[in-house]
Amino acid sequence: MSKTSQQSTTTDANGVSVIHTPAHTSGLQQVPQLVPVSPGGGGKAVPPSKQGKKNSFVDRNSDEYRQRRERNNMAVKKSRLKSKQKAQDTLQRVNQLKEENERLEAKIKLLTKELSVLKDLFLEHAHSFADNVQPVGTEGTTANPETSGQ
């Protein structure tokens, strides 16, 4: 199987070069190869919605242009107001959380003091109770002189 080196290149309306090569002698169908026109290759692909706008001239005095600018300006103002409101809401929430945190820390200190006082009271009561109670079984072991002689 041999391939001839004859090729033809055409450029379509979109600026894409198509290289046409003759089919193999085995009878395979010819498949066009797409090659970018620019020699550097690569680059970003331009979406079809923006292809026509790139080369069009914009009349800055037209009503359509003025309407688009007004809509854009309103959208920008709305976006900036929304961003500012969000920042204010966040700052307000931060301040609320700081106040709540301070209240909770004060409550922790108060409860810690209360726990310490109650623990001291409990230990004091436990020690005084232990001093007043005799161990079980020591009452009957004391020698009674009256019963010992019988």
Side-chain angles (χ1 to χ4, degrees), residues 3 7-21 24 28-150:
K3 206 169 153 182
Q7 294 181 351
S8 64
T9 304
T10 59
T11 304
D12 66 3
N14 293 330
V16 177
S17 294
V18 179
I19 300 174
H20 298 282
T21 58
H24 290 94
L28 294 176
Q29 183 179 3
Q30 180 179 356
V31 178
Q33 297 175 348
L34 299 177
V35 179
V37 175
S38 61
K44 286 187 174 180
V46 180
S49 62
K50 301 229 176 190
Q51 285 179 350
K53 293 181 182 180
K54 190 175 183 180
N55 296 330
S56 66
F57 175 73
V58 177
D59 182 14
R60 293 183 179 213
N61 295 325
S62 71
D63 289 337
E64 179 188 353
Y65 176 78
R66 289 283 166 215
Q67 288 174 351
R68 279 190 282 137
R69 292 301 317 143
E70 285 178 25
R71 280 198 316 261
N72 181 263
N73 290 342
M74 287 191 306
V76 167
K77 284 179 186 177
K78 184 178 176 182
S79 174
R80 288 178 182 160
L81 283 173
K82 188 176 178 182
S83 176
K84 189 183 244 184
Q85 183 64 42
K86 188 175 181 182
Q88 288 175 348
D89 292 345
T90 302
L91 184 61
Q92 183 179 1
R93 180 74 175 137
V94 165
N95 290 332
Q96 287 174 348
L97 291 172
K98 281 182 179 179
E99 289 175 7
E100 184 181 359
N101 193 32
E102 288 173 3
R103 282 194 310 267
L104 291 172
E105 286 178 355
K107 190 172 184 177
I108 288 171
K109 284 182 181 179
L110 179 67
L111 291 172
T112 303
K113 278 184 180 179
E114 187 177 342
L115 176 66
S116 177
V117 168
L118 290 173
K119 189 187 276 186
D120 290 343
L121 283 172
F122 174 76
L123 291 175
E124 182 181 320
H125 180 71
H127 288 296
S128 67
F129 184 73
D131 291 342
N132 291 336
V133 175
Q134 293 180 350
V136 177
T138 59
E139 290 179 11
T141 58
T142 56
N144 193 346
E146 297 174 5
T147 59
S148 61
Q150 293 177 347

Report task. Only pairs at least two apart or in different chains count here, so list each salt bridge (Lys or Arg N to Asp or Glu O under 4.0 Å) that has a residue in residues 70-92. Result ->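 Listed by first then second residue: nothing to list.
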Query raised in the report: Which residue pairs pass the salt bridge (Lys or Arg N to Asp or Glu O under 4.0 Å) test when at least one of the two sits in residues 93-122, sequence neighbours left out?
Result: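 Passing the test, one end in residues 93-122: no pairs.
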Query - Listed partners of S62 passing side-chain contact (heavy atoms from CB on, under 4.5 Å), at least two apart - result: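 For S62 the side-chain contact (heavy atoms from CB on, under 4.5 Å) partners, ignoring immediate neighbours, are D59, E64, Y65.
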Query raised in the report: Considering residues at least two apart in sequence or located in another chain, which fulfil the side-chain contact (heavy atoms from CB on, under 4.5 Å) criterion with N72?
Result: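 Only R69, V76 meet the side-chain contact (heavy atoms from CB on, under 4.5 Å) criterion with N72.
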If you look only at distance, which donor and acceptor atoms sit under 3.5 Å apart when one is on a side chain in residues 123-130 and the other is two or more places apart or in another chain?
from, atom 1, to, atom 2, distance (Å)
S128, OG, E124, O, 3.4
S128, OG, H125, O, 3.0

Report task. Work out which heavy atom in R60 is nearest to a heavy atom in R66; give both atom names and the distance. Result ->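 Residues R60 and R66, closest heavy atoms: O-NH2, 3.5 Å.
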Query - From L115 atom CG to I108 atom CD1, the distance as rounded to the nearest 0.5 Å - result: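 One finds 12.5 Å between CG of L115 and CD1 of I108.
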